[in-house]
Amino acid sequence: MKNVTILKGQIVFTKEPEAFEIHTNSFLIAVEGVIEGIYKKLPEKYRDCLIYDYGNNIIIPGFVDLHLHAAQYPQCGMGMTKQLLDWLGDYTFDLEKEFQDPDFAKEVYTSFVDKLVACGTLRACIFASTSTTGTEQLFEVCKKKGIGAYVGKVNMDRNGPDFILESTTDSLNGTRYLLEKYGDEKLVKPIVTPRFAPTSSKKLLEGLGKLAQTYNAPVQSHLSENRDEIQWVSELFENAKSYADVYFMNNLFGQTKTLMAHGIYLQKTEINTIQEHNLILVHCPDSNINLRSGIMPVRKYLDLGLKVGLGSDIAGGHKIALNEAMVRAIQLSKILSTEDEGPDALTVSEVFYSATKLGGSFFGKVGSFEKGYSLDALVLKDELFVAKRYSLEDRLEKFIYTGDDRNIQARFVEGTLIE
Ligand SMILES: [Zn+2]
């Protein structure tokens with residue numbers, strides 16, 4: 001008998017960003033973790049299968065966080081008066097060096113992953129630290145929990161304090177080791193992760209690009225987050241035409257599947273390259289506010305056809321729950337919309353789509369309940385007096401704006417219940 005998962009309840013997801021697709025009182029059925037279909041009436045052949053019946057509760061796709069730093073989890077909500085470069089120097093590097101200790105790494109990463117999953121994020125693209133052994137702990141914790149993740153050992157070989165910098169060779173060897181060790185994993189996979197251009201030598205970027213190509217591995221990094229940072233990059237890489245070009249010249253910008261966090265201040269040529277090479281930009285609104293980086297012109301990017309996912313960017317962002325990032329993305333877009341002839345604000349279904357189907361596309365068929373997608377799901381529970389009175393869309397909006405881990409009743413990844 002094949003492995004069948006059947007969830008019954010009020011099913012809501014976004015096939016397109018413009019609107020929610022709603023199936024009331026329906027059966028969501030997956031075989032071997034892959035969605036078969038949504039049915040009003042249970043097909044005869046599934047009659048003897050176990051049914052998770054969630055009654056009037058809402059079932060949505062699990063959230064996909066495309067950008068966060070597991071090694072910064074302990075410093076969430078600290079140093080928030082600083083801007084990016086000072087914040088890294090005064091808080092982050094000092095903490096990240098501790099992850100050379102595997103016991104410390106395991107303790108923090110366990111707590112981090114537990115919280116992440118509690119809040120409904122079932123897939124994530126995660127920066128660890130420069131420590132290879134520390135990063136192995138994060139792989140193991142994610143595997144044990146049963147979530148989907150891309151985990152990156154951070155690479156940096158210059159412009160940081162000595163206690164955290166690696167030699168170029170050690171840095172490349174660490175990444176190669178993880179690509180070899182975890183490359184064939186099903187759910188938790190390695191990703192090439194230069195911290196960002198300024199902390200990378202030309203040789204390191206070149207080597208990482210080669211590794212990405214050799215192993216056909218994805219890439220994640222930061223791009224154009226802060227004006228001082230952009231200026232610094234132009235001084236460090238005089239031959240590059242732009243910030244994006246620093247990565248592009250080294251095969252780290254779309255030559256394999258690529259995520260770039262932020263991208264607030266992009267030039268026309270950079271936008272063209274992003275379009276041509278199908279990159280995903282990751283909007284991290286809390287982080288952009290906290291570090292006073294700026295506001296990403298999301299509507300403008302969407303109108304140009306760019307793909308924009310969402311990230312909590314722990315710990316530039318202070319809240320790990322992705323529904324918080326959805327709210328902040330809407331709020332920032334409302335600020336931009338108040339300018340003369342400002343763009344339309346983002347809608348709830350648009351940010352939900354970013355946090356589910358768009359983000360999920362980095363993992364394959366993830367983030368929707370269409371046939372062929374992975375059954376990654378959250379079951380939401382709300383108060384009876386709310387559930388009775390309001391529409392499913394109102395109830396979901398309320399969860400996004402005010403809900404937290406206590407409002408999530410169950411979580412499934414590839415059809416398996418996560419404990
Ligand atoms: Zn980041």
Side-chain angles (χ1 to χ4, degrees), residues 64-80 82-96 99 108-109 112 116 121 124-130 135 138 149-156 159-160 164 191-200 208 218-230 232-233 243-244 246-247 252-253 258-266 279-296 308-322 324-325 328-329 354-355 359 362:
V64 183
D65 190 331
L66 289 183
H67 183 75
L68 75 172
H69 301 254
Q72 294 171 16
Y73 184 57
Q75 71 175 76
C76 274
M78 295 179 205
M80 301 270 88
K82 312 263 177 187
Q83 288 200 35
L84 175 67
L85 301 177
D86 292 334
W87 177 78
L88 285 173
D90 294 349
Y91 280 85
T92 305
F93 293 146
D94 195 50
L95 171 62
E96 285 193 14
F99 288 81
V108 173
Y109 290 151
F112 163 82
L116 189 68
T121 296
C125 297
I126 313 173
F127 283 54
S129 73
T130 51
T135 305
L138 183 54
Y150 280 108
V151 172
K153 170 215 163 335
V154 175
N155 306 97
M156 56 188 292
N159 293 326
I164 197 171
I191 182 165
V192 173
T193 306
R195 176 184 286 282
F196 67 154
T199 50
S200 314
L208 290 173
V219 174
Q220 62 179 353
S221 195
H222 297 91
L223 175 71
S224 299
E225 175 176 1
N226 166 297
R227 292 183 197 278
D228 291 344
E229 170 212 15
I230 296 167
W232 193 22
V233 170
Y243 193 155
V246 174
Y247 296 126
L252 293 165
F253 205 75
T258 304
L259 289 177
M260 284 287 153
H262 310 303
I264 299 173
Y265 305 101
L266 296 176
L279 264 78
I280 297 181
L281 291 174
V282 191
H283 182 30
C284 306
D286 263 337
S287 168
N288 296 160
I289 301 167
N290 288 334
L291 301 175
R292 283 198 293 136
S293 301
I295 303 180
M296 185 201 240
V308 182
L310 271 184
S312 63
D313 196 12
I314 294 300
H318 57 291
K319 297 303 273 274
I320 200 165
L322 210 59
E324 300 265 358
R328 223 75 69 230
S354 280
F362 198 71

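Here the structure is a predicted model, which is why all the values come from computation and not from measurement. Indexing begins at 1, ligand by ligand and atom by atom, following the structure's order.
Among Y243, F253, F196, the single residue meeting the side chain to side chain contact (heavy atoms under 4.5 Å, CB included) criterion with M260 is F253. With respect to C284, the side chain to side chain contact (heavy atoms under 4.5 Å, CB included) criterion is satisfied by exactly one of L291, I289, L310, D313: D313.
None of the N, O or S atoms belonging to E225 lies under 2.8 Å away from the Zn ion (ligand 1). The Zn ion (ligand 1) has no N, O or S atom of C284 closer than 2.8 Å. Counting backbone and side-chain atoms alike, H67 contributes an N/O/S atom closer than 2.8 Å to the Zn ion (ligand 1).
Taking 4.0 Å as the cut-off between side-chain N and carboxylate O, K319 and D286 do not count as a salt-bridged pair.
Taking the Zn ion (ligand 1) as reference, H222 places its N/O/S atom NE2 nearest. The Zn ion (ligand 1) lies closest to atom OD1 when only the N/O/S atoms of D313 are considered.
In this structure, F362 and Y150 have perpendicular ring planes: the angle between them is above 60°, well past the 30° mark.
From L116, atom CG reaches atom CD1 of I126 across 6.0 Å, with rounding to the nearest 0.5 Å.
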